[in-house]
Amino acid sequence: MAKVTVDGIVVEVPNGSNVLQACEAAGKEVPRFCYHERLSVAGNCRMCLVEIEKAPPKPFASCAYPVADGMVVHTDSAMVRKARRGVMEFLLINHPLDCPICDQGGECDLQDQAIGYGGDTSRYTENKRAVKDKNLGPLVKTVMTRCIQCTRCIRFATEIAGVPELGATARGESMEVGTYVEKALTSELSGNLIDICPVGALTSKPYAFVARPWELKKTDSVDVLDAVGANIRIDTRGPEVLRVLPRLNEDVNEEWLGDKSRFAVDGLKRRRLDACWVRRDGKLHKASWPEAFEAIAGKLKGLDGSRIGAAAGNLADAESLLALRDLMTALGSANLDCRQDAAAVDVARRDFYSFNTSIAGIEEADALLLIGTDPRAEAPLLNARIRKRWVAGKFPVAGIGPQADLTYNVEWLGNDPALLTGDHPFFQVLRDAKKPMLILGQGALARPDGAAVLAAAWKLAAETGMLLPDWHGFNVLHTAAARVGALDLRFLPGKGGKDLAAMLGGGVDALWLLGADEFDTGRIGASTFVVYQGHHGDRGAARADVILPGAAYTEKNATYVNTEGRVQRGFLAVQPPGEAREDWKVIRAFSQLIGRTLPYDTIEAVRARLEQANPVFARLDILPRFGAADTAGPAGDPAAVSNAPFVLPVANYYQTDVISRASPTMAQCTQTLRPALAVAAE
């Protein structure tokens, strides 16, 4: 540790730190544009100037100057103030000063620092330079004349996203940032360029000229468009969600957010279900809530519980899952399923279906095996964490399954599941590692021999030293935000109950779909009465006999459990449209109508019931790290693994759920970045 004095305040900072970090430790604000704590140091904006005693009498760029024991730093001397004003004057020489029409206005670092550290006049009278805007695709808008060449975007694309498509051409006044050959950015994390750009050079194309930051109401929430559970902030104006931004959570998403989670919000106001519908004479007719409830009650009356079933979708919250489970129990039905993809699970222990290493724990691992998964498409933020660990060095990665570009080097062992039960030289690498880990994807579990694959993967983890008292290297990567919470609540077939496959084709007479749209609804029996409860008119609603409008994740206070098993809550940002209501309230009201009233009528009572159902729901925002207490594996015969190749569960990252399928922006991304898939969909 080095002792450094900053404006009279003595602080201790680790050796190797820079002066800017020492200033922050002392609580002193130092302006900066190019420096970002998660990126490499560039030192090219020169705004973070400070004065250092016993050094040459000149200002130093604090981000690029290492600390030394006994160093004395001044952050607000006359020399520093004059130097910063000079730097700001240079930065503004060619800046267009178009703040009134700039989308960055009101949350712009250049604005703030020009006022706080700049001068009030400019001596520049020559013509300003102009730079041609670049087309970076449907998500990121460019006004490159505003660019101050801090190179944050270049470093993010190369270092964090792992897609080195941005760079600088020419030098000096002619330098321009772009993609060399004009093309759309192909990273699933490109929206983060907007956040890290300190000026208005890179802004959101879908959000252009929509609102000013002071007009927006900000609500904390959790993303549900994948299973990572990224912490987000929902910005709304009136009844409309205008944008979604990431919130800082070092253990989950750091400060990043995937493009689908950020830009699919325009799907929240399209194809919405805002009224009840009842099918009469083969056609859906708008109905009132009492009429819809009476239609359902009339159909369920006299039905044996074994002929009633329920399936939960990928976006369902824990409260509505609990309510539907309790309703089915009251009706005498054990036909429940949350696995639209028929993935094999074993809920005897939670570590059989969780990401036990944790997302932050990836940074502690020293070897990785991927099985039947493409984390870049299934969970871009988790993939970025793997890349972060790979960049740090000494982190061999191998994969079994279809090859994919994961932004880091992977030794592909082949797409033969039998490799799990054999012996490969890479398995010795896992045995030699101190903290090896594997990630088992849904593509490996959603197949007829999924239970055998699960058992084989666990056995491999045990044999290669992944299951230790202080380290748990077995991980299941889910793709659905609702899946782990549903498994925690045992939203699965009970004793003598049927899974979703058995409920289809006439297996039940009445089927309740809670936002379940990710399966072939054409397989539902022609005589089966279908109740669809959800917020978008998608596959499930098209097949339904009764439609009950529900609330999207931005329109309710709800609990979700991410792939790690971390319990998090989102909060209501806007009211549901029209007659739509929160899902658990709909189920509770229906239960009262049929005389099987559920024992709760407030959100607090529902959450108390959640904790009774499973104590993990009491651990809000806390994820204890457990080692492998028991190496006994899940049910399933490892020797029964077939040689059928793995198939990845996500073909198109941009359209995986009802919200993103309703989003014009995501459709444009598919058209631009996945043209073959777009043609196939048409």
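Because the structure is predicted, anything quoted here is derived from the model rather than measured.
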Donor-acceptor under 3.5 Å ([X] side chain, [Y] main chain):
X    : Y    : value
Y654 : A667 : no
R270 : D266 : yes
K217 : A573 : yes
R385 : L381 : no
Y653 : D259 : yes
Q104 : T203 : no
N557 : L572 : yes
N335 : S306 : yes
N562 : V228 : yes
E611 : A608 : no

Do the side chains of [X] and [Y] get close enough for a salt bridge, i.e. N-O under 4.0 angstrom?
X    : Y    : answer
K556 : E582 : no
D488 : R350 : yes
R349 : D351 : yes
R581 : D583 : no
R661 : D538 : yes
E518 : R539 : yes
D337 : R339 : yes
R233 : D220 : no
K260 : E188 : no
E107 : R243 : yes
K205 : D103 : no

Taking the side chain as every heavy atom from C-beta outward, state whether [X] and [Y] have any pair of such atoms under 4.5 Å apart.
X    : Y    : answer
L245 : L257 : no
Q442 : R483 : yes
D235 : V241 : no
L273 : Y532 : yes
I308 : V508 : no
L327 : W512 : yes

Between [X] and [Y], is any side-chain donor less than 3.5 angstrom from a side-chain acceptor?
X    : Y    : answer
D317 : T559 : no
Y553 : D223 : no
E378 : T373 : yes
S204 : K141 : no
R262 : N192 : yes
E254 : N249 : no
S354 : E564 : no

Can you tell me how far [atom2] of [Y] sits from [atom1] of [X], rounded to the nearest 0.5 angstrom?
X    : Y    : atom1 : atom2 : result
D326 : R596 : CG    : CZ    : 13.5 Å
L336 : L500 : CG    : CG    : 11.0 Å
D499 : L492 : CG    : CG    : 9.5 Å
E255 : N231 : CD    : CG    : 12.5 Å
E319 : R609 : CD    : CZ    : 13.0 Å

Begin with the C-alpha distance, continue with both residues' side-chain angles, and end with the deciding distance and a verdict on salt bridge (charged side-chain N to carboxylate O under 4.0 Å, His left out) for D545 and R280.
-> CA-CA 8 Å; D545 295 290; R280 302 190 191 97; over 6 Å; no
Quick check: are there more than 12 heavy atoms from other residues, nucleotides or ligands sitting under 6.0 Å from NZ of K286?
-> no
Assess whether side chain to side chain contact (heavy atoms under 4.5 Å, CB included) is satisfied between L487 and C338, documenting all intermediate values.
-> CA-CA 8 Å; L487 297 178; C338 63; 3.9 Å; yes
Just grab all the salt bridge (charged side-chain N to carboxylate O under 4.0 Å, His left out) pairs involving residues 292-307, residues at least two apart or on different chains.
-> R307-D509
